[in-house]
Amino acid sequence: MSIIFCVLFTLFLGFLVFVCWSVARIRRQTREELSYSSNCYGGPAGEPFWNGILPPRVDDYTEPRYVYENLVESIDYLPQNGRIIGYRISPELVIHSRINPSLNLPCLSSYISRYGGKLLNMEDCGLLLDNWDKVSQLREKAGDTPLDVKTFWAVSEQSLPLEVNVYRRTCRDMAGFNDVWCALILKR
């Protein structure tokens, strides 16, 4: 009887050690991922952090197009120009190349710092929604994921977080709602 008890106790202790090790590994991995602001991200459209300066306005805009790290802009996918850093959707607005499909409000600022950029305001949201399908096609043509999110984060004129519904074209104030998950789509 005592041998069975010792074996069961040893197995139980081993299980506890494994659980503690797993939790510690997940916490360490999450901390490393959130602090990963200057090295590499996965995907064809945004590997290392880019902190260059875009021109505030272009005069030759006619339709959504790629913006490359060397500041060349084109409606054609031209990988020889380097990474895609964004998608121009107006003479003044470039949407960030990186999209995070699901973030809650408490994690928002960490990922904005990680990717570099700003939340879209209401005017920006209208421009993005008007060009949604075209930007999605550009992303797919470059081998990235299409814009297949239902909601994304934005900011109101009062700097409050908003949830923008892509299909209904509505938004609602999300201040204080920490359990809501929306996509992160930034502007450069």
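Residues: numbered from 1 along the sequence shown.
- Connection of Leu162 to Leu127 is not established within any shared hydrophobic cluster, with ILVMFWY side chains joined at heavy-atom distances below 4.5 Å, either directly or through further cluster members.
- The 12-atom threshold is not exceeded at CD of Glu123, counting heavy atoms of other residues, nucleotides or ligands nearer than 6.0 Å.
- Checked by atom type and distance alone, the side chain of His96 never pairs as donor or acceptor with a backbone atom of Gly117 at under 3.5 Å.
- Judged purely by atom type and a 3.5 angstrom limit, Arg188 uses its side chain to pair as donor or acceptor with the backbone of Ile85.
- Both Tyr77 and Leu138 belong to a single network of hydrophobic side chains, linked directly or stepwise wherever heavy atoms of I, L, V, M, F, W or Y lie under 4.5 Å apart.
- When all heavy atoms of Pro64 and Asn131 are compared, the pair lying nearest together is CG-OD1, 3.2 Å.
- In this structure, CZ on Arg65 lies 6.0 Å from CZ on Arg88, to the nearest 0.5 angstrom.
- Atom CD1 of Ile84 and atom CD of Glu69 lie 10.5 Å apart (nearest 0.5 Å).
- Remark: Lys150 NZ is loosely packed, at most 12 non-hydrogen atoms of other residues, nucleotides or ligands lying under 6.0 Å away.
- Residues Leu78 and Tyr87 are members of one and the same hydrophobic cluster, defined by side-chain heavy-atom contacts under 4.5 angstrom among Ile, Leu, Val, Met, Phe, Trp and Tyr.
- Here the rule is side chain to side chain contact (heavy atoms under 4.5 Å, CB included) with Asp124, and of Leu186, Val164, Leu93 only Leu93 fits it.
- Heavy atoms only, all atoms of each residue included: Val166 and Thr151 are closest at CG2-N, 4.3 Å.
- Between the Ser136 side chain and the Leu147 main chain, a donor and an acceptor come within less than 3.5 Å of each other.
- Tyr66 and Asn81 form no side-chain donor-acceptor contact under 3.5 Å, judged by distance and modelled atom types alone.
- The aromatic rings of Trp132 and Phe152 sit parallel to each other, their planes meeting at less than 30°, with 60° as the upper class boundary.
- Note that CD1 of Ile112 is 13.0 Å distant from CZ of Arg114, once rounded to the nearest 0.5 Å.
- Taking CD1 of Ile95 as the reference point, atom CD1 of Ile89 lies at 4.0 Å (rounded to 0.5 Å).
- Rounding to the nearest 0.5 angstrom, the gap separating the SG atom in Cys125 from the NZ atom in Lys187 is 9.0 Å.
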Problem set entry | Stepwise side chain to side chain contact (heavy atoms under 4.5 Å, CB included) check, Leu119 with Leu184 | CA-CA 8 Å; Leu119 286 175; Leu184 179 61; 3.7 Å; yes

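- When all heavy atoms of Pro161 and Leu105 are compared, the closest pair comes out as CB-CD1, 3.7 Å.
- Using a 4.5 Å cut-off on side-chain heavy atoms (C-beta onward), Thr145 and Ile99 make no contact.
- In this structure, the separation between OG on Ser97 and OH on Tyr68 is 11.5 Å, given to the nearest 0.5 Å.
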Problem set entry | salt bridge (charged side-chain N to carboxylate O under 4.0 Å, His left out) between Arg169 and Asp130, worked out | CA-CA 10 Å; Arg169 291 183 166 242; Asp130 291 344; 3.2 Å; yes

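- Residue Glu157 places its CD atom among 12 or fewer non-hydrogen atoms of other residues, nucleotides or ligands, all under 6.0 Å distant.
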